[in-house]
Amino acid sequence: MSDTPERVERSAEESAVVLEARGLRALAHPLRVQLVGVLRKHGPSTATRLAERLGVNSGTASYHLRRLGAAGFVEEDAERGNARERWWRSVHRTTEFSNPELTDREPEAALTYLQSVAATYTLRTQRTLNEIQTLPRAWRGAFDMSDWSLRLTPEEAVSLRRELRDVVARYRRDDPDTAASAPEGAQRVGLIAHILPEPDALAAPEDNAGPGTTTEAS
């Protein structure tokens with residue numbers, strides 16, 4: 001695989017960027033991961049509005065948006081921008097990072113990127129927990145946090161990942177373009193899934209809660 005900025009795969013429903021070396025290094029910063037995520041979820045915005053949403057100053061947001069733009073993750077939205085405001089939009093709908101060779105070549109960038117993604121997931125979960133008591137009862141009943149311990153081969157883990165994606169693909173995606181056509185009562189729902197290998201050689205005895213362990217909160 002070459003070190004071109006990104007290899008883009010597009011379908012009728014979405015566009016995905018497959019990370020290569022330059023793109024991985026560009027995303028190896030927690031604020032950049034958050035900026036791309038907000039633009040994908042909420043649509044085009046300015047550095048000032050993004051800065052307010054993420055709790056940073058506009059100069060910092062502008063700097064990281066320019067770096068993301070140079071790497072091909074975001075671009076200026078000329079239809080909305082003017083002489084006073086510079087609007088940005090995401091170029092892709094999703095990011096794919098599944099190249100073990102790239103992880104071997106760029107270990108520090110890969111770790112920083114994955115840690116940034118994990119930190120973003122934690123922030124999203126904490127935000128929901130902080131607001132759970134004020135949610136309508138129907139949505140409090142839909143809330144779920146679960147984990148299961150499975151014993152799989154690598155091939156089975158890959159199969160599980162594919163099956164989960166197939167299930168998610170049956171449901172309505174959320175983006176600024178589909179919100180208006182969603183049925184009454186539909187709200188944004190965040191679904192975060194992890195498949196975390198835990199080799200026995202690396203696990204402490206007390207970490208093993210036994211097969212079938214499930215933790216649920218609702």
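Residue indices begin at 1 and follow the sequence shown.
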What is the distance from atom CZ of R32 to atom CZ of F73, rounded to the nearest 0.5 Å?
10.0 Å
Report yes if the side chains of H42 and L39 come closer than 4.5 Å at any heavy-atom pair, otherwise no.
no
Where the side chain of S58 meets the backbone of A51, is there a donor-acceptor pair that is under 3.5 Å apart?
no
Between the CZ atom in R25 and the CZ atom in R67, the distance rounded to the nearest 0.5 Å is 10.5 Å
Is any side-chain heavy atom of L65 less than 4.5 Å from a side-chain heavy atom of E76?
no
For residues T95 and R40, is any side-chain donor paired with an opposing acceptor at under 3.5 Å?
yes
Do R49 and W87 have side chains that approach each other closer than 4.5 Å (heavy atoms only, starting at C-beta)?
yes
Any side-chain heavy atom of Y113 sitting closer than 4.5 Å to one from V33?
yes
Rounded distance [0.5 Å steps], OG in S15 versus NE2 in H92:
6.0 Å
Measure across R105 and A21 and return the closest heavy-atom pair with its distance rounded to 0.1 Å.
NH2-CB, 4.5 Å
Calculate, to the nearest 0.5 Å, the distance between atoms CD and CG belonging to E106 and N99 respectively.
11.0 Å
Would you say the side-chain atoms of T60 pair up with the backbone N or O of V56, donor to acceptor, closer than 3.5 Å?
no
Looking at T94 and A16, what are the two nearest heavy atoms and their distance?
OG1-CB, 3.2 Å
For P30 and S116 the tightest heavy-atom approach is N-OG, 3.2 Å
Do L35 and L68 make a side-chain contact, defined as non-hydrogen atoms from C-beta onward lying under 4.5 Å apart?
yes
For the salt bridge (charged side-chain N to carboxylate O under 4.0 Å, His left out) test, which of R80, R89, R86 pairs with E75?
R89
Identify the two heavy atoms, one from D104 and one from P107, that lie closest to each other, and give their separation to 0.1 Å.
O-CD, 3.5 Å
Side-chain atoms of residues 156-166: list all donor-acceptor pairs with protein atoms under 3.5 Å, sequence neighbours left out, distances to 0.1 Å.
residue	atom	partner	partner atom	Å
E156	OE1	T153	N	2.8
S159	OG	E163	OE2	3.2

Give the cluster check for V189 versus L123: same hydrophobic cluster or not, with ILVMFWY residues linked at side-chain heavy-atom distances below 4.5 Å.
no
Is the H64 ring parallel, tilted or perpendicular to the H29 ring (thresholds 30°, 60°)?
tilted
Do T134 side-chain atoms and E131 backbone N/O form a donor-acceptor pair below 3.5 Å?
yes
Assess whether side chain to side chain contact (heavy atoms under 4.5 Å, CB included) is satisfied between L24 and L102, documenting all intermediate values.
CA-CA 9 Å; L24 177 61; L102 178 57; 3.9 Å; yes
W88 vs T46 side-chain heavy atoms within contact, under 4.5 Å:
no
Are F97 and I192 connected, step by step, through hydrophobic side chains (Ile, Leu, Val, Met, Phe, Trp, Tyr) whose heavy atoms are closer than 4.5 Å?
yes
To the nearest 0.5 Å, what is the distance between OG on S181 and CZ on R172?
7.5 Å
Using the rule that Ile, Leu, Val, Met, Phe, Trp and Tyr join whenever any side-chain heavy atoms are under 4.5 Å apart, tell me whether L111 and I195 fall into a single cluster.
no
Got a second to check how far M145's CE is from L129's CG, nearest 0.5 Å?
5.5 Å
Heavy-atom check, side chain of V38 versus side chain of S45, under 4.5 Å
no
Treating Ile, Leu, Val, Met, Phe, Trp and Tyr as nodes and any side-chain heavy-atom pair under 4.5 angstrom as an edge, say whether L114 and L31 lie in one connected cluster.
yes
Minimum side-chain heavy-atom gap F143-R140 below 4.5 Å
no
